[in-house]
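There's a structure below that I have some questions on.
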There are 2 protein chains.
Amino acid sequence: MAFYTLTKQVLINLFYKGKGRICLHFYGILNIFLLFKIQSIVYLQTFFYLWKEEYNRMGKKQTTIHDIAKELKLNASTVSRALNDDSRVKKETKELVKQTAKQLNYQPNTMASGLRKGRSNTLGVVIPRINRHFFSNVIYGIEAVTNKAGYHVIICQTDESYEKEVEGIETLLSARVDGILLSVSKQTKDSEHLKKIVDQGIHLLLFDRVFEELEVSQVVLDDFAGSFEAVEHLVAQGCRKIAHLGGPDYLNIYRNRRKGYLAALEKHGLEVKEEWVLEDALTKVRGREVIRELMQSEDKPDALFCASDFSALGAILQLKEMQVKIPEEVAVVGFANEPYTDIMCPTLTSVEQYSVQMGKYVAELFIEEIQSKQKQVKPQKIIVSPKLMIRESSLKK
Amino acid sequence: MAFYTLTKQVLINLFYKGKGRICLHFYGILNIFLLFKIQSIVYLQTFFYLWKEEYNRMGKKQTTIHDIAKELKLNASTVSRALNDDSRVKKETKELVKQTAKQLNYQPNTMASGLRKGRSNTLGVVIPRINRHFFSNVIYGIEAVTNKAGYHVIICQTDESYEKEVEGIETLLSARVDGILLSVSKQTKDSEHLKKIVDQGIHLLLFDRVFEELEVSQVVLDDFAGSFEAVEHLVAQGCRKIAHLGGPDYLNIYRNRRKGYLAALEKHGLEVKEEWVLEDALTKVRGREVIRELMQSEDKPDALFCASDFSALGAILQLKEMQVKIPEEVAVVGFANEPYTDIMCPTLTSVEQYSVQMGKYVAELFIEEIQSKQKQVKPQKIIVSPKLMIRESSLKK
DNA sequence: TTGTAGGCGTTATCAG
DNA sequence: CTGATAACGCCTACAA
């Protein structure tokens, strides 16, 4: 509701600012006024005032601690203290203040207090995509813990792109978040951008898809064990020719799943056929494609261990179309225990990741770090044990 | 890195503040010093300084526009303008500033700028639960639109509880979000808390679960049409005794789905049996229970129209257990087109809600409102047309 | 127990 | 085109 005196300066500045059109308009009116020798500039001011009103409109003025202070003939600092339950304020004053605050519908301004205190009580979470079962559950877990501790969460999605990951991190740093919980995107191959976070003194924690060598707290699944157990289960079912539909090697999760697979094969003295160890077979579509190829060759696998439930799903749909019996001819195991695994036909054996729990763990680690009195906290690593959920797609008896 | 002069006042204040223990400690040291008649107070200060360092530690100091200004012997305001691409700044200056900013690893402080500008470039989203297919997809849609426009999103989950909804709104108001996009919780029966948002001059938009009478922009599904079409489809398949597993009447979506169901029955002159119109049958568990009861009675339905895919799923699992043939004896239609519907056996006929698109719509409406020059924007209502996805569970031929 | 003053980092206004 | 200054709302060191 600014009210300008129409000096030449003001007009010049407006002109500079690219509001030339409007300025000229005013100049025009000004000239007209001068022509008619109207001394008073009141009309002009009114006119300009209206324009500002429209241009510069913002939300209605919110009540501040000053308003409360004025109302009670107190000082703003006392009000501030009262609202923060500072022990130095009289009980009666506190109650009075809180009551008035409610009456005036006072909402503390977190930006102002954050600015002053140098922290925002906000937490950033960076994930590939929110509309994926695993990640939305992790976030659910994170929020469950952090909300209780008075933090709110800003989520940045990377869409599996390195650039968007960097972008998201910039946004979060600008928002002065108190910490960043991150799961790297598929395209992310180095951790320079993450080091920047740590350098700025902001807590960084990684989960699921991590850089193991980074000196920050991490929560990961024991992918190796999950794979190993899954493959051993297949072996126990009599499978000997087990193919692996996996993901890229630079992501810890797929690397470790592959390692677990290879280790299990080795333990049982099974041959590793290179054509059966695939690095780009994570989606439903790829699952179908891969199966089409594999089943055309002379030497067909008798089991599939998939690093993703989606490729397992694709594979099963394709196998069904090809009239291949599951699990008799080809047994299938997936990874992630997506909600549909126990509904599909046949129900899919898969590895449960305890996603909500992982979210809770990483959030708890964060809270712990932030509340720790030591300047430097030793990074912790939580390894969540997966659980093999055995279902029809792999159970032969 | 505060450096205190140890006046009596400081100590008294610390004492008031409940830091008594430490204060006494200092007094103790002070006394010792005095005993030994040590005049200089330097040691004491150093000691205190160290304590403050530990107590008051915050993130490392970030570079500000002032630092950049100092570096370039410019004024902070010029730097600010340069970084915001204000037309009043010389090109060379701009480049110089931006370059220096990058060198010094400058991150603009959104809290400060938000405080000054009176808005936060943040958007609040209130939903029942993030780890649900529909809502996580809506958010995906919302973020796709808002991120492009430079907004970031804070998500508040209500867990279907009214209190948490109110709480979440408080949080968002304190964060001075520029708008709130909301889908009401199952327990929310009135809209007083929503009116408060509007009163504070903050943009409120509703989606999916809304209060239709509220004078704000809304994006909803045409639940009536979706239901109507679904039931007509069942009728066309020869079903005459159609039960409805629905939800509470005070939520628009379930109310409208029920209305659509009833309207379709009426149109085709089919009887409405009260025992077949259920208001608390939205979950997998309830789906099973309801079917167990319905199939025990004399007069069994020959079709189920479920307002949720989960109750449809429960029903199907139960029917399969009871060896009832689907769709021959009982046809089933769900609602939401959850990802598992085309995987389960039999695949489930369901109603697609275009959740991502709904998110995009509501975000676009918000952007439109916020960028509109008029103070008062006429609320708009977007009604998304659903699509019936016909699958095995209801297709008799 | 309360008051005073100053500053957090940015931007709007006005002066030059 | 750039500089100086005063807010934005809150908090805290220090004074009283």
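Per chain, numbering begins at 1; letters A, B, ... match sequence-line order. Every value quoted in this text rests on a predicted model; they were computed, and no experiment measured them.
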If you find the nucleotide of DNA chain D closest to Leu115(B) and the one closest to Ala76(B), which residue's nucleotide is nearer the 5' end?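 Between the two, 5'-proximity favours Ala76(B).
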Do Ser77(A) side-chain and dT4(C) base share a donor-acceptor contact under 3.5 Å?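 In this structure, the two groups form a donor-acceptor pair.
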Is Lys148(A) paired with Glu364(A) through a side-chain N to carboxylate O contact shorter than 4.0 Å?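 Salt bridge between Glu364(A) and Lys148(A), a charged N being under 4.0 Å from a carboxylate O: no.
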Using a distance-only criterion (donor-acceptor N/O pair, under 3.5 Å, no hydrogens), is the base of dT11(C) paired with the side chain of Arg116(B)?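 Yes, a donor-acceptor pair under 3.5 Å.
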OG1/Thr63(A) to CD/Glu71(A) distance, rounded to the nearest 0.5 angstrom?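 Atom-to-atom, Thr63(A):OG1 and Glu71(A):CD are 10.5 Å apart.
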Taking ring-ring contact (aromatic ring centres under 6.0 Å, His included) as the test, write out the residues that go with Tyr151(A), two or more places apart.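 Listed in chain order: Phe366(A).
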Nucleotide dG3(D), atom C1' - distance to CG of Asp86(B) in whole Å: 14 Å
Can Lys195(B) and Glu192(B) be counted as an ion pair, charged N to O under 4.0 angstrom?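 Answer for the salt bridge query: yes.
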The side chain of Ser80(B) is closest to which nucleotide in this list: dG9(C), dC1(D), dT11(C)? dT11(C)
Please determine whether a side-chain nitrogen or oxygen atom of Thr78(B) lies at a distance below 4.0 Å from atom OP1 or OP2 of dG3(D). yes
Report the residues that fulfil salt bridge (Lys or Arg N to Asp or Glu O under 4.0 Å) with Lys90(B), sequence neighbours left out, ordered by chain and then residue number. none
Would you say a side-chain N or O of Asn75(B) is under 4.0 Å from OP1 or OP2 of dA4(D)? yes
Of the listed nucleotides (dG3(C), dC14(D), dC14(C)), which one gets closest to any side-chain atom of Leu74(A)?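 Ranking dG3(C), dC14(D), dC14(C) by closest atom to the Leu74(A) side chain puts dG3(C) first.
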Among all residues two or more places apart in sequence or in another chain, which pass the salt bridge (Lys or Arg N to Asp or Glu O under 4.0 Å) test with Glu92(A)? none
Determine whether a donor-acceptor pair (one donor, one acceptor, N or O, separation below 3.5 Å) exists between the side chain of Arg81(B) and the base of dG3(D). yes
Ignoring hydrogens and angles, write down the donor-acceptor pairs under 3.5 Å from the side chains of residues 97-105 of chain B, residues two or more places apart or on other chains.
unit_1	atom_1	unit_2	atom_2	d
Lys98(B)	NZ	Asp85(B)	OD1	3.1
Lys98(B)	NZ	Asp85(B)	OD2	3.4
Thr100(B)	OG1	Leu96(B)	O	2.6

Is any side-chain heavy atom of Ile155(B) closer than 4.5 Å to one of Val153(A)?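 They are not in contact (no side-chain heavy atoms under 4.5 Å apart), so the answer is no.
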Nearest-neighbour nucleotide for the Lys117(B) side chain, dA4(D), dT4(C), dA12(C) considered: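 Nearest listed nucleotide: dA12(C).
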For residues 64-73 of chain A, which residues have at least one heavy atom under 4.0 Å from DNA chain D?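 Here the set is Thr64(A), Ile65(A), His66(A).
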Taking DNA chain D as the partner, which of residues 93-113 of chain B come within under 4.0 angstrom of it by heavy atom?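 Of all residues in residues 93-113 of chain B, the ones placing a heavy atom under 4.0 Å from DNA chain D are Thr93(B).
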Could you check whether any side-chain heavy atom of Gln200(A) comes within less than 4.5 Å of a side-chain heavy atom of Leu173(A), counting everything from C-beta outward?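 Yes, close enough: below the 4.5 Å cut-off.
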